[in-house]
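What follows is a set of notes on a single structure, which appears directly below.
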Amino acid sequence: MSHDDMIGAVTTLHHAPPELSYPGLSPQLLARVRQLWSARGLDFDRAWARGVRSLPGFRALPRPDGAPSSAQVDLVFLFDQCVIWLRALHAAAALGRRQESEGLDPAQWHGLAAVSARLTDQVSALRLLALTGLPMQAMQIARSVSEDVDMMLVLLARRKLAARFTACRDVEEANAFWRRHIAGGRAFRAITEKLYDVGLDYSADTDYARWRRQVLAVLGAAVHGTALTPPSGDPALRNDDSVYFCAFRIHELCAYAQLIRPALTGALDRAADEAAQSGLADDGLAALAAPLSAVLLNQIQSLPQPAAPRATREAPRH
């Protein structure tokens with residue numbers, strides 16, 4: 001989508017159906033998503049209004065002009081499903097922390113709530129940047145999103161590490177924790193060890209690990225402001241790159257969190273139920289965290305590749 005196309009984008013009315021914000025969306029994809037939500041008794045329109053339409057700076061997609069396919073629109077639509085799940089996850093984790101619900105240690109609830117809050121802000125900003133034609137800035141945020149996904153997974157994998165994270169009391173301690181346990185791929189290495197225990201091999205010489213390094217190299221270049229224009233003259237960064245990578249990583253967060261901590265879905269469900277029974281104020285998103293996890297996992301295969309394939313865009317399927 002070009003920058004000029006997006007300048008004239010019109011934001012839909014508050015009570016308009018979600019699909020009106022995605023002109024050109026694949027009818028088949030919309031039908032599949034609605035079916036997945038309905039099969040679990042979930043109200044897609046209401047959740048979308050609370051989870052996506054309420055985002056700061058929300059804007060609908062521009063009407064496509066001669067697009068060869070619906071891939072770009074489909075990608076943002078699926079990205080927005082990830083946004084709803086992240087906001088639901090944060091709401092449930094915040095309740096779990098407040099109530100000290102079973103299923104996770106208090107430090108894990110604390111860490112999950114804190115990092116998911118930051119992730120929610122990041123994906124909201126990334127969405128706005130990508131839809132206003134600022135791919136370099138969106139890529140800078142994409143790197144932080146990826147790091148926070150790793151951080152959330154490692155907090156679920158290592159309870160003692162979660163306790164060290166919540167024990168940080170100032171910026172200096174937080175920075176020291178980040179350098180020692182998260183930065184430079186340290187968190188990802190801890191995650192791959194845990195995933196290896198359940199039968200998934202993401203060691204350094206796998207296709208997935210190589211793809212991840214390629215993407216992170218592009219993200220790193222974006223952060224340092226390198227001119228990313230290959231000899232062919234095609235820009236190396238496009239709006240869909242950041243959207244695709246973040247959607248892929250949030251799908252990974254949803255899937256791997258349940259492998260690392262199999263009782264996570266039950267814990268999220270319990271936190272929402274306990275809050276409802278106690279009469280705690282909630283916008284309704286917390287109750288979506290557990291059932292929406294299954295919806296998100298069912299959508300992984302629907303995630304379209306960005307429009308112009310390159311080596312860094314072709315993520316290996318699991």
Side-chain angles (χ1 to χ4, degrees), residues 1-37 43-88 119-142 145 235 237-251 292 295-296 299-309 313 315:
M1 300 178 185
S2 72
H3 177 63
D4 291 340
D5 288 339
M6 292 173 187
I7 290 177
V10 177
T11 300
T12 54
L13 298 175
H14 278 279
H15 301 294
E19 53 266 33
L20 293 185
S21 292
Y22 307 90
L25 176 66
S26 164
Q28 293 81 9
L29 178 60
L30 175 62
R32 173 170 169 73
V33 167
R34 286 195 173 279
Q35 182 182 37
L36 288 171
W37 281 69
D43 187 335
F44 172 62
D45 288 25
R46 189 172 185 178
W48 181 88
R50 291 176 175 175
V52 177
R53 183 63 181 79
S54 64
L55 289 173
F58 169 82
R59 63 188 301 150
L61 273 69
R63 185 164 298 279
D65 185 15
S69 73
S70 65
Q72 289 181 308
V73 177
D74 295 350
L75 177 58
V76 177
F77 182 67
L78 291 172
F79 174 83
D80 285 348
Q81 307 289 302
C82 296
V83 174
I84 298 172
W85 179 74
L86 267 183
R87 298 191 70 178
L119 260 175
T120 299
D121 289 342
Q122 288 170 344
V123 296
S124 176
L126 186 146
R127 186 187 193 278
L128 183 59
L129 290 168
L131 293 185
T132 48
L134 296 169
M136 181 75 76
Q137 290 73 17
M139 273 295 196
Q140 291 169 357
I141 294 177
V145 168
L237 288 179
R238 301 174 191 273
N239 291 317
D240 9 352
D241 283 322
S242 57
V243 175
Y244 173 77
F245 181 65
C246 287
F248 188 87
R249 293 249 56 207
I250 294 168
H251 278 99
L292 192 51
V295 173
L296 212 64
Q299 292 177 182
I300 291 177
Q301 294 301 323
S302 300
L303 190 63
Q305 297 285 338
R313 294 177 177 182

What pairs with S70 under side chain to side chain donor-acceptor pair (under 3.5 Å), at least two apart in sequence or on another chain? D74
With a 4.5 Å limit on heavy-atom distance, are the side chains of L129 and Q140 in contact? no
Side chain to side chain contact (heavy atoms under 4.5 Å, CB included) evaluation trace for Y22 with L30: CA-CA 10 Å; Y22 307 90; L30 175 62; over 6 Å; no
By side chain to side chain donor-acceptor pair (under 3.5 Å) - contacts of Q299 (at least two apart): none
pair L61-Q72: side-chain heavy atoms closer than 4.5 Å: no
Where is the tightest heavy-atom contact between G57 and L128, given as atom of each residue plus distance? O-CD1, 3.3 Å
Are side-chain heavy atoms of H251 and W85 found at a separation under 4.5 Å? no
Please report the interatomic distance CD(Q81) to CG(L29), rounded to the nearest 0.5 Å. 8.0 Å
Residues forming a side chain to side chain donor-acceptor pair (under 3.5 Å) with S69, sequence neighbours excluded: none
Pair listing, salt bridge (Lys or Arg N to Asp or Glu O under 4.0 Å) test, anchored in residues 26-36, at least two apart: E19-R34, R34-D45
Spacing of F79 atom CZ and L131 atom CG [to the nearest 0.5 Å]: 8.5 Å
For R63 and P23, indicate whether the former's side chain and the latter's backbone hold a donor-acceptor pair under 3.5 Å. no
Could you give all pairs that pass the salt bridge (Lys or Arg N to Asp or Glu O under 4.0 Å) test and reach residues 120-140, with sequence neighbours left out? D80-R127
Please identify each residue that fulfils side chain to side chain donor-acceptor pair (under 3.5 Å) with S124, with sequence neighbours left out. none
Considering all heavy atoms, the nearest C82-I250 contact: CB-CG2, 3.7 Å
What distance do R53 atom CZ and S21 atom OG have between them, rounded to the nearest 0.5 Å? 6.5 Å
Applying side chain to side chain contact (heavy atoms under 4.5 Å, CB included) between C246 and each of L119, I141, D241, L126, report the one that passes. L126
